[in-house]
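Written out below as structure tokens is the structure these notes cover.
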Amino acid sequence: MNEAILTCYELAASCLPSTIVATVLLRKTRRKPRLRELTGIAFFVAYITAVLHITGAGTLPGGMHRGMPRLEQCNFIPFLNGTDPLQCLLNVALFVPFGCFLATAFNRKASALNDRKAADSGKRPANRRERTAAYLTKAALIGFAFSLAIEASQLLTNRVFDVDDLIMNTFGAAMGCAMALIGMRIRQSDFRRETALVNAEPKKPSTIAALVGITAAVFLGRFLLFDEMGAAAMLYGF
């Protein structure tokens, strides 16, 4: 029973702020959200919450209980102690869905509008390969930032900041993005549509910015509101 209460507390701390952010962003679209959009947001929030739970991301209240992190908790040299193939695979696999979410969120309308602006200014519009490279770069950078936040927060749990995890997570995000882009291209639902959207205005807010905002809300909600040790002390009386 107490474990269930702790789990519900963690879910509430993670999901409530992201729900508020998602609601605000959906209202800015000035239209009724589609069921597919709501389902996608729910799955994304659940995924980010699961990642933070699995990785044991630290929280501010937890850090206050445990004290300040120490420098010896940090490993800044890649693969210093060799590599564990299974651990590397798990770190990559954990962030592959994140890259897939990012790939499906890239705003094709915005890309098309940028291509039109480039043409109007006399510049050469980005081709398919350049757009793909840009998407992969963005996915890697966002994945890196998310992984960095997790690794830094783990210092508050007396765990190790490991650059190996950071590298593998970033690679996983880029791999997931590449896999999703390939899948969309196979289904002929990716780049062929862009030529038909050249005259369309981009969505506001952009989907990618919305996902970044929701990710930040989940992370900050858990980081600031989840006090596992304090709640456990109340529930178990120690």
Side-chain angles (χ1 to χ4, degrees), residues 8-53 55 57 59-60 94-117 131 134-150 153 169-170 172-174 176-177 180-181 183-184 189-191 193-194 196-226:
C8 291
Y9 173 31
E10 182 179 6
L11 288 174
S14 301
C15 297
L16 287 179
S18 61
T19 301
I20 295 173
V21 170
T23 301
V24 171
L25 292 174
L26 287 173
R27 286 190 174 184
K28 286 187 176 181
T29 62
R30 296 180 180 180
R31 59 176 175 78
K32 186 177 180 180
R34 301 183 181 92
L35 179 60
R36 189 172 69 173
E37 290 175 326
L38 296 176
T39 303
I41 292 173
F43 273 111
F44 183 70
V45 170
Y47 164 71
I48 297 298
T49 302
V51 168
L52 296 178
H53 178 80
T55 57
T59 65
L60 183 60
L94 188 65
F95 268 61
V96 166
F98 190 64
C100 293
F101 276 112
L102 292 175
T104 56
F106 285 126
N107 195 324
R108 283 5 181 228
K109 293 184 180 182
S111 298
L113 186 63
N114 290 335
D115 286 351
R116 188 184 68 181
K117 289 181 178 179
R131 284 193 295 266
Y135 294 153
L136 293 177
T137 301
K138 289 179 182 179
L141 290 174
I142 296 172
F144 174 84
F146 183 34
S147 179
L148 180 62
I150 293 174
S153 73
N169 292 159
T170 303
C177 180
L181 291 175
M184 286 187 286
S189 60
D190 186 23
F191 293 103
R193 293 184 180 181
E194 291 184 349
L197 295 170
V198 170
N199 296 321
E201 292 296 325
K203 297 177 181 178
K204 296 182 180 179
S206 70
T207 311
I208 191 66
L211 284 192
V212 171
I214 292 172
T215 302
V218 176
F219 178 84
L220 290 175
R222 188 181 188 278
F223 181 76
L224 297 174
L225 302 177
F226 183 49

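The first residue of the sequence shown is numbered 1, and numbering continues consecutively from there.
Contact check for Val51 versus Phe98: no side-chain heavy atoms found under the 4.5 Å cut-off. Between Cys15 and Val45 the shortest side-chain heavy-atom distance falls below 4.5 Å. Looking at Arg27 and Val24, their side chains never come closer than 4.5 Å, going by heavy atoms from C-beta outward. In this structure, the side chains of Asn169 and Thr55 stay at 4.5 Å or more apart for every pair of heavy atoms. Side-chain contact between Phe219 and Ile48 is absent, with no heavy atoms from C-beta onward closer than 4.5 Å. Under the 4.5 Å side-chain criterion, counting only non-hydrogen atoms from C-beta, Leu26 is in contact with Leu38.
Contact record, Pro17 with Gly221: CG-CA, 3.7 Å, taken as the closest heavy-atom pair. Nearest heavy atoms, Leu136 versus Ala174: CD2-O, 3.7 Å. Nearest heavy atoms, Phe101 versus Gly40: CE2-O, 4.2 Å. Taking each heavy atom of Ile41 and Ala22 in turn, the nearest pair found is CG2-CB, 4.0 Å. Thr59 approaches Arg222 most closely through the heavy-atom pair CG2-O, 3.3 Å. The minimum heavy-atom distance linking Ala139 with Cys177 is given by the pair CB-CB, 3.6 Å.
Note: Ile20 CD1 to Ile214 CD1 = 12.5 Å, rounded to the nearest 0.5 Å. The structure places CZ of Phe146 at 11.5 Å from CG of Leu211, a figure rounded to the nearest 0.5 Å. Going from atom CG of Leu225 over to atom OH of Tyr9 covers 7.0 Å, rounded to the nearest 0.5 Å. Distance SG/Cys100 to CZ/Phe95: 13.0 Å, rounded to 0.5 Å. If you take CD1 on Ile150 and CZ on Phe223, they are separated by 12.5 Å, rounding to the nearest 0.5 Å.
The backbone N or O of Gly143 lies less than 3.5 Å from no partner atom in the side chain of Ser147, so there is not a single donor-acceptor pair.
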